[in-house]
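Let me begin by presenting the structure, written as structure tokens, before commenting on it.
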Amino acid sequence: MPDFYAPKGVPDYVPPVSRQFAAARNGLIAAAERAGYQPIELPVFEDTGLFARGVGESTDVVSKEMYTFADRGGRSVTLRPEGTAGVMRAVIEHGLDRGALPVKLVYAGPFFRYERPQAGRYRQLQQVGIEAIGLDDPALDAEVIAVADEGFRSLGLSGFRLDITSLGDANCRPAYREKLQAFLAALPLDEATRERAEVNPLRVLDDKRPEVQALVADAPLMADHLCAECSEHFESVIAGLDALGVAHVRNPRLVRGLDYYTKTTFEFVHPGLGAQSGIGGGGRYDGLMAQLGGQSLSGIGFGIGVDRTVLAAKAEGVELATGGRVDVYGVPMGAEAKAVLVGVAGKLRAAGIRVDLAYGSRALKTAMKSADASGARVALVLGDRELAAGEVVVKDMVAGDQQTVTLDAVVESVRGLLQG
RNA sequence: GUGGGCGUAGCUCAGCUGGUAGAGCACUGGCUUGUGGUGCCGGUGGUCGCGGGUUCGAGUCCCGUCGCUCACCCCA
């Protein structure tokens, strides 16, 4: 038994799953970069106040799920539970909002929430997120959503659904909220649900319990109470998605867990995650930057759960990391041959070819099994005969045939096989 | 924070009503004195999570404890 274990709720990704994880993360980042989003690297912990004010005191994330502690200087810091607040802080701090708008950024990394772990829900979760800051152009909303959609599809996923709605803004939401609260107050709800109705009445509409769903079936919906501006904005977003060919479902009961969302909100849901369903989500946050002390600029973004994306791929039977871990595998017979192959490996790597070889001193047959297991297309076999002649056997592991070439011709020979 | 399930070889697991541990995969040697993907034979590897109790005897029963896991809640 090991002396130490990973902290509760924190997943380790070891080969081969780690390759799938990396492929998912890199694929999602690449989708953002194709739309012009630039990388931003931020600290994983911030001043506790940033999240309390940015994410919202009333949210579950802030009220009971934060990893908060005092550092040695007595400052209260918190491991970031989400990405947007930190991005806003950095944008303000570095004056990125004073240049050309929108500011388009992409980030990836770990986030932390102190929850009871279960399938698809971890205390350390990995996200890829983007933010487009400074404009409330609905075409930007559509782009952000399309980046996520295209990111998932580029990985080979197709079994997800996009839910979308508008949460209104400071003009129309307060009046709707009162109306909804009045409606909920008349229902026979349990005490915990009543409290939620006070703090965040929208959340009640999203209750999973069938009996509650029945009660709120006739509840007033934000979608029917949008002001003219929000309504127009939302329809433009929908039109943009249609133009981009992004399939979507209007879900007026969609709710997000963070306070800062306004207008457009969306969530990508997938059935393969156990009790969880969201693989990514986001929305517009037009009041957040001002809330954090910056100028009054709008923004929109998403966060995609990389852990959940990997689970979704597994559920769909999608192979995220295809191909072998190397292109070429060296099989030396004897110490002298190994020394030569090490040199050959160096040349091949310098030529951009991925190479591994059988280290230690293993039987030829075992080394060949390793070559096979590595997924290499080509094996290089070097024994005493070739050593004496200054040659090496180049074997095509798929076709099964092989030829002997001089050491000088190895790179060219291998390249030919890999391209063929 | 509240419940359920489970902890036996590196991995996936078997082990019925208690008699001091097994399979497959993986790793490794050989069959084939220099060649993988399918075959055959052998080998390495386990204080049965930990502690206590019942018993002549506990992986197997009882209690406790730690851990993992699934679900509620919530969300990525």
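The sequence lines fix the lettering, A, B, ..., with proteins before strands; numbering per chain opens at 1.
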Do [X] side-chain and [N] base share a donor-acceptor contact under 3.5 Å?
X: R362(A); N: U28(B); result: no
X: E115(A); N: A76(B); result: yes
X: K395(A); N: G36(B); result: yes
X: Q118(A); N: C73(B); result: yes
X: D372(A); N: G37(B); result: no

Are [X] and [N] close enough that a side-chain N or O sits under 4.0 Å from OP1 or OP2?
X: S370(A); N: G36(B); answer: no
X: R256(A); N: A76(B); answer: yes
X: R121(A); N: A71(B); answer: no
X: Q127(A); N: A76(B); answer: no
X: K365(A); N: G34(B); answer: no

- Please figure out whether V393(A) or G280(A) has its closest RNA chain B nucleotide nearer the 5' end.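 Taking each residue's closest nucleotide, the earlier one in sequence belongs to V393(A).
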- First of L273(A) and F268(A) reached from the 5' end of RNA chain B, by closest nucleotide: L273(A)
When all nucleic acid strands are considered with a 4.0 Å heavy-atom cut-off, which category describes [X]: base, sugar-phosphate, or nothing?
X: F111(A); answer: nothing
X: V310(A); answer: nothing
X: A363(A); answer: sugar-phosphate
X: I279(A); answer: sugar-phosphate
X: E386(A); answer: base

- Query: Of the candidate nucleotides U35(B), U2(B), C75(B), which contains the atom at the shortest distance from the side chain of Q276(A)?
  - Reply: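 Side chain of Q276(A) sits closest to C75(B).
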[X] bridged to [Y] by N-O distance under 4.0 Å:
X: E93(A); Y: R89(A); answer: yes
X: D141(A); Y: K263(A); answer: no
X: D327(A); Y: R354(A); answer: yes

- Using the P atoms only, state how far U8(B) lies from G15(B), rounded to an integer number of Å. 14 Å
